[in-house]
Asks: 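Quick one: this structure, given as structure tokens, is what I'll be asking you about.
Numbering of ligands and ligand atoms starts at 1, following listing order.
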Amino acid sequence: MTKRDLPYDSILARSFSKTDQKRLGFVAFIASLLFFFTLYTVVKPYLCPLPIVGTGLRMLRITELTTNTTISKEEVISECNEMEKPICHCNKLGSKEFCDLSGDVRILGKSATVLAAITSAFSGNSTWHMRPYARKDQVTAMKRVREWTVKVVQNASLSRCVRKHSVPAILFSLGGFSLNNFHDFTDIVIPLYTTARRFDGEVQFLVTNKNPWWISKFKELVRKFSNYEVIYIDEEYETHCFGSVIVGLNRHRDYEKELTIDLSNSEYSMSDFRKYLRDAYLLRNAAVSTWRRPRILILSRSISRAFVNAGEIARAASQIGFKVVVAEANTEIASFAQIVNSCDVMLGVHGAGLTNMVFLPENAVVIQILPIGGFEWIAKTDFEVPSKGMNLRYLEYKIAVEESTLVKQYGRDHEIIRDPLAVAKRGWGTFKSVYLVQQNVSVDINRFKPVLVKALELLHKQSV
Ligand SMILES: *[C@@H]1O[C@H](CO)[C@@H](O)[C@H](O)[C@H]1NC(C)=O
Ligand SMILES: *[C@@H]1O[C@H](CO)[C@@H](O)[C@H](O)[C@H]1NC(C)=O
Ligand SMILES: *[C@@H]1O[C@H](CO)[C@@H](O)[C@H](O)[C@H]1NC(C)=O
Ligand SMILES: *[C@@H]1O[C@H](CO)[C@@H](O)[C@H](O)[C@H]1NC(C)=O
């Protein structure tokens, strides 16, 4: 979904809806345009999850976590050390992942406050601050998430109840890195699944950081998760009342595990999740088909990390015995899910499009192509490890420098080719603009062919 992920227009529109279009004068409008254009350029790297080059970029990620921002880490950790176990759950980073409140819970959208007179054994009043988005390790994402105050009181005269609901609610943010396909799944869809699944549709979604594009992108899933229209809670002046509210989403505690469900933390598995997706999108293939010619999907990209010779790759795959489908993940998610699910092998350059592996049938093969720049760690974290958790087979192809268009652009002796780590040390922006944005891939067919042959072997092996 790369191209569609953070469409320029949508970023603008999304931001404007937040800023209240009506009050923007012309000057402000232009200023915002400039600002969001800049933001877009800055944000775009996350189209592809944060790459980490060796320890260099990994350090960037950690630095970001501790960088001085509106979120003070000490504050968050000390809150987590409180005796709050039955109410708010923390992750390994020491920040609260979600709070589970039952009793008399009232939501004040305008002031971003959740007031709860809770029924569980809990003495005294307590106040917590939290941002209900499951990417607590990245300040850049968390800054785009509205902060909520959760106040638990014993006997309180709570804000007057105006709208009473008979079902539980889940309050979560669609800010952060939403509309990047990888983050949509790892930060929102999967945590939402593990949080909402048990309600079987009888749950009210309260969305903070209004994002109709996201709701529209995932409409099939949202309809399956919840039988009720989403409420954009930030816009609500009236107090909404519930008997039970979960603030935030239940992501497993270990943030280095992407696209994964931690069974110690969830009653549902990744297989359950993938079955749920197949039901939501009416996908027919639970496992690879062994009775027909195997099909390979070549994920094309049209702007960056594009295949220079997709045609040649397709011909080679066809000669080996595959039926070839070439498609870019920028169509409706429902129709793209159909395409992916109809294939037995998915091949693509590292990027958010590979997240579509969630729709592959079991035992299918994922082939990830690594551009130059040092993508090993991120490739493993974001797609290799997750693919195994989905019962998929995984193959990797690291291109040689000759297969990168960067060589033609800079020459073999340039630092960009020789020493990506040095480039990475100059910061994320520099790294991104070179290795993620400027690089296309021209696969050496002879060098690559054995990978295709291996993929075919893996499919045959499991059919015996
Ligand atoms: C950094 O953190 C300190 C202490 O929390 C605070 O006083 C200071 O204002 C912060 N600086 C910025 C730029 O946020
Ligand atoms: C809890 O908060 C309520 C309402 O603000 C207040 O009346 C009460 O005294 C507080 N109780 C404790 C133990 O702090
Ligand atoms: C507080 O709530 C408890 C249990 O609901 C009740 O027994 C008690 O009388 C209440 N106290 C006050 C001061 O309202
Ligand atoms: C990469 O390929 C795309 C699609 O062909 C093209 O639009 C883009 O300009 C190329 N980028 C570079 C840096 O060559």
Asks: Looking only at protein heavy atoms, which one is nearest to atom 14 (O) of ligand 4, and how far off is it?
Replies: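 For atom 14 (O) of ligand 4, the nearest protein heavy atom comes out as N440 ND2, 3.5 Å.
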
Asks: Under 3.5 Å, is there a donor on one side chain and an acceptor on the other for E328 and S302?
Replies: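 Distance-only check passes for E328 and S302.
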
Asks: Nearest protein heavy-atom contact for atom 4 (C) of ligand 4: which residue, which atom, what distance?
Replies: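 Residue, atom and distance for the closest contact: S302 O, 3.2 Å.
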
Asks: Please determine if R274 and D272 form a salt bridge, counting it only when a charged side-chain N lies under 4.0 Å from a carboxylate O.
Replies: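 No, this pair does not count.
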
Asks: Tell me yes or no: between the side chains of R295 and S342, is some donor less than 3.5 Å from an acceptor?
Replies: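 Yes.
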
Asks: Would you sort out whether F336 and N181 count as a side-chain contact (heavy atoms from CB on, under 4.5 Å), showing the intermediate values?
Replies: CA-CA 12 Å; F336 202 72; N181 203 46; over 6 Å; no

Asks: Answer with yes or no whether I303 contacts ligand 4, where contact means a heavy atom under 4.0 Å from a ligand atom.
Replies: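 Right, I303 reaches ligand 4.
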
Asks: Closer than 4.0 Å and a protein heavy atom, does any atom meet both conditions relative to atom 2 (O) of ligand 4?
Replies: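 Within 4.0 Å of atom 2 (O) of ligand 4, protein heavy atoms are found.
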
Asks: Looking only at side chains, do E258 and T186 share a donor and an acceptor under 3.5 Å apart?
Replies: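 Side chains of E258 and T186: pair found under 3.5 Å.
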
Asks: Around atom 13 (C) of ligand 4, find the nearest protein heavy atom and jot down its residue, atom name and distance.
Replies: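 Going atom by atom, the protein heavy atom closest to atom 13 (C) of ligand 4 ends up being Q438 O, 3.0 Å.
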
Asks: Going by the order shown, which atoms of ligand 4 are within less than 4.0 Å of some heavy atom of A306?
Replies: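 Near A306, meaning under 4.0 Å from one of its heavy atoms, ligand 4 has 2 (O).
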
Asks: Any protein heavy atom lying closer than 4.0 Å to atom 11 (N) of ligand 4?
Replies: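 Yes, at least one protein heavy atom sits under 4.0 Å from atom 11 (N) of ligand 4.
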
Asks: Looking only at side chains, do E403 and Y397 share a donor and an acceptor under 3.5 Å apart?
Replies: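 E403 vs Y397: donor-acceptor pair found between side chains.
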
